[in-house]
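Letters go in sequence order (proteins before strands), and every chain restarts at 1.
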Amino acid sequence: MPRAKRTELLYALLFTAPFLLYLLVFHGYAFVRAVFFSLTNKDLFNAPSFVGLANYVYLFRDERFLLALQHSVSFTLVVTVLQTFLALVMAAIVNQKIRGIIFFRTVYYVPSILSSAAVTLIAIWFFQRNGFLNSIIGWFGAHGPVILAFLGIFALAQAVQVVWERSRGLPVSVFDPALASLSLLVAIAGSWILCALGWVTPREAAPFDLAWLSETRSFLGIPIPLWAIILLNTFTTIPTLMLIFLAGLQDIPRSVYEAASIDGATPVQQFFHITVPMLRPVTFLVVTLSLIGTLQMFDQVALLGNASSLDSIITLAYFVYNNVFNSNVPGNVGIASAAALFLALLTFAIVGLQRLFGISEKGY
Amino acid sequence: MAAQIARPKAKLDERFLARRRWARVGWVYGAMLALTVFFIGPFYVAFLGSLKDNPLEYPFRYYFAQLQPANWAAAWRLGQQGAGNPWTGGFAPGARVPFEVAYFVPRDQQPVPPTVVVPTRRAGAGLSAVLVEVQASQYAKVSPVEEVSRTPAVVDGEPGQIVRYRFTVTYPGSGPKAPRLPLDVEAPRTQRFYDATLDPNRLERRGRVASWDSITPGFFGYTFRNYLRVFNEARNPDTLESLFLRWTANTFFVAIAAVVINLIFASMAGYALARMYLPGKNLIFGAIILLLAVPAQVTFISNYLVLRDLGLIGALWGLIIWIGIDMARVFLMKQFFESIPREIEEAALIDGATPLVTFFRIILPMATPALGALTILTFQGVWNEFFKATVILSAQQNNYTLPLGLNFFRSSYGVQGDWGAMLASAFLSMIPVVILFVVFQRYFVEGVSTSAVKG
């Protein structure tokens, strides 16, 4: 090896040494040790002895683990589907060439930059039995008649206008924005008059009363406290995914859309036949990120703490932590390692499956 | 027939199209604003909640005493009268605090002056129960209650009169300054509280008893009462040092240390991986990609044990070392260095500079934009780090970082449902990241969209 090359190698090693050391100790060594621990009855203080696959067998007999597994998988599926879809729709809305778009994009990103601890704390307040969420749901419930009247008048006004314009021979669409603006004014005035006359009044609905966090019931097989976490997680992650979609959207040439609209494609058709297929690689990335992130969800469960019963919110990541630090018999390192490795396998498997079947590539 | 339908299309005049275009822009902005409300609204409402005496008030009201300018002015004036401090108030020797309350008395009742007491009250429940606070009740003198005026009025459809009373709370002689001057005013049955110089913090027993946390609160003390509580109530029982300040300092320390470590080592590693001769480079990349997908739950047990062997459990350095050098940042820097032309290094090499000098003197100064992005993203990530902090620091209350502190507040105040301090602590902990975001939002937003799609 020439001298110059040897010096370069020496410097390269010098430059990368701290990083490689960190990688080796905190990732490589840690991973190998986790595999080793999972085959032993290791606890936090004693020397381990080999127990073979007993920990894995134990896991699949442990009700709490099965519960955590069920929660993690359903949480991951629901959140991934919800946030991918909503993020795509939002990105399509935000992808407009209008003034001030940068400002709006920045504002939407706020929930994503804040610490999960602070946001979860606020969310717990939000989800209290007499918290803001129930209060606002109750308001909408009570004002149902008014809202219905408003929507009815809006639809009616829009229909009348569309029919009128079409009878004049103008090819207006049902959602024509100019007509909709007028319909909006008519609907506001109309519902205001109806309310003032007392023909339509908010009803005396019982306040919406759902103890989100201490509820023991389930909805669609997922405990309600976990639904609260699903809503929270979706809310905070949408903006990040939206930005990734947005970057992808901006790579789609405008000319494709122009060609489509000349051929008479409606915006909805354009969305499903151009936007969705052309975003396939980005969607794949988003779904992968979302799967990995949601499978490892820990913070919200830990922060909810005793606000909810553990059995209604426990996930795999929390199960692992709980077995080492929190449970009645702390330091079940062997079992925790086995569960953690199972979580890792599950992550690889789900991401691999997604790649294999190209779920995201079929569009919606 | 077909010709007839086709004919009007030509009539689409410019004004029709322009109108439609403007309306469309209007709807787009409307949608944007609706999304803004959706993403910012919850924080706005929670912030309002953090100002309230009882954030769990149901149904939620958007107007409450802490938002009334009249109360701001009164709190400011009273703070000045109580301790010469219009911001945070207090009760100091020589104070003379005139105060008025008004009660509604139904028509067929005789007005009776209320009783006024300066009670002895703990600073707060839970955390601060151990603290001994100077109590204003020991030093305050309340003058006799005088009636000022009677005005006929109809309240809630009930005829009667509003009777105004006045009294003065003084601090004669000398003594220590009390941080607060709490007050309870109790009227006889059938009279109802109407208003006062400063709106009370609580109204109990159908409006007969009005109580104030402090009638000399100062502007902050009244409007941002919960925020001051965060600093004042959570204290280390031994040193009386404010825990929240301590946690903030800890978080800054950890975040800054992690940023410096990442700045130096991630850029060095990124540079070497981008430019230098290193056999097995691809092996390293493969390992990184694989390890990135391994959940932190797999590795944390071993890391905990390693740090325990080093005696770093419960220590901030333990957390810093574990946070270590972020693989994603190494990638970011590698990506950047690959875009720098090679001629620059070749020139440096010809001039006889060693790679170390070339890197620190020539390459690194060119990398300022990338280093800026790295600084901001790392700071934000570390500031919000929860899992590693929980594992390492849980047992050491003094060494908590803010996310752990919030968790601690949640568990100690949550039982009593005292949400004021919890919400306030959440907002206080956000301030540095929000400032960073407002100033450098470009880095955050671009960091996500470019690095994710192209990386």
Side-chain angles (χ1 to χ4, degrees), chain A residues 5 8-9 11-12 15-16 18-19 22 26-27 30-31 33-34 37 93 96 98 104-111 113-118 121-122 125-126 128 130 132 135 169 177-178 181 240 243-244 246-248 292 296 298-299 302-303 305 317 320 324 333 336-337 340-341 343-344 347, chain B residues 8 19-20 23-28 31-32 35-36 39-40 42 45-46 55-56 58-60 265 268-269 271-272 276-278 291 293-295 297-299 301-303 324-325 330 355 380 384 386-387 390 403 406-407 410-411 419 422-423 426 429-430 433 437 441 444-445 448-449 452-453:
Chain A
K5 204 154 203 181
E8 198 180 328
L9 175 63
Y11 273 107
F15 272 42
T16 44
F19 177 58
Y22 170 78
F26 287 98
H27 289 278
F31 184 78
R33 271 230 284 194
F37 288 154
I93 295 175
Q96 308 275 349
I98 58 166
F104 285 113
R105 263 181 228 164
T106 308
V107 166
Y108 302 155
Y109 197 48
V110 166
I113 56 144
L114 301 174
S115 76
S116 56
L121 207 61
I122 290 172
W125 172 75
F126 226 68
Q128 292 292 306
N130 44 1
F132 186 76
S135 149
S181 307
T240 313
L243 285 178
I244 300 177
L246 202 57
I292 293 178
Q296 298 170 14
F298 169 84
D299 296 11
L303 282 153
V320 176
V324 181
V333 172
S337 298
L341 281 171
L343 175 61
T347 313
Chain B
R19 193 183 63 177
R20 192 150 74 173
R24 191 175 158 279
V25 170
W27 282 96
V28 167
M32 300 279 178
L35 285 174
T36 307
F39 283 112
I40 299 298
V45 171
L56 283 182
Y58 190 89
F60 192 88
F265 295 120
M268 276 168 67
Y271 180 71
M276 289 176 155
Y277 167 71
L278 186 67
L291 290 173
V294 173
Q297 280 76 23
V298 174
T299 47
I301 302 168
S302 166
N303 295 342
I325 306 158
V330 175
Q380 184 248 355
N384 297 339
F386 182 73
F387 178 68
T390 310
L406 295 189
N407 193 20
R410 204 207 65 68
S411 50
W419 275 94
M422 281 190 272
L423 285 178
S429 79
M430 289 176 184
V433 170
F437 182 67
Q441 22 92 1
F444 286 91
V445 178
V448 172
S449 40
V453 175

With only heavy atoms counted, which part of A:Tyr11 is less than 4.5 Å from chain B, the side chain, the backbone, both or neither?
both
On a heavy-atom basis, the closest approach of A:His27 and B:Thr299 is O-CG2, 3.9 Å
For chain B, find which of A:Ser337, A:Ser116, A:Ala336, A:Ala317 contributes the most heavy-atom pairs closer than 4.5 angstrom.
A:Ala317
Sort A:Gln128 into side chain, backbone, both or neither according to what part of it lies under 4.5 angstrom from a heavy atom of chain B.
side chain
Non-hydrogen atoms of A:Phe15 and B:Met268 that approach each other most closely:
CD2-O, 3.5 Å
A:Val107/B:Phe39 under side chain to side chain contact (heavy atoms under 4.5 Å, CB included): CA gap, chis, key distance, verdict
CA-CA 8 Å; A:Val107 166; B:Phe39 283 112; 5.7 Å; no
Counting only non-hydrogen atoms closer than 4.5 Å, does A:Phe126 touch chain B with its backbone (N, CA, C, O), its side chain (CB onward), both, or neither?
side chain
For each of B:Gly324, B:Pro355, B:Ala31, B:Ala46, tally heavy-atom pairs with chain A at distances under 4.5 Å, and name the one with the top tally.
B:Pro355
Between B:Val330, B:Val433, B:Val25, which shows the greatest number of heavy-atom pairs under 4.5 Å with chain A?
B:Val330
Specify the closest pair of heavy atoms between B:Arg20 and A:Ala178, including all atoms of both residues, with the distance to one decimal.
CA-CB, 4.0 Å
Considering non-hydrogen atoms only, spot the tightest contact between B:Gln441 and A:Thr106 and give its length.
CB-CG2, 3.4 Å
Test side chain to side chain contact (heavy atoms under 4.5 Å, CB included) on B:Met422 and A:Trp125; report intermediate values, then the result.
CA-CA 9 Å; B:Met422 281 190 272; A:Trp125 172 75; over 6 Å; no
Of all heavy-atom pairs linking B:Ala272 and A:Thr16, the shortest is CB-CG2, 3.5 Å
Considering all heavy atoms of both residues, which atom of A:Ala12 and which atom of B:Tyr277 are nearest to each other, and what is their separation?
CB-O, 3.6 Å
Which word best sums up how the rings of B:Phe387 and A:Phe298 line up, parallel for under 30°, tilted for 30 to 60°, or perpendicular for over 60°?
perpendicular
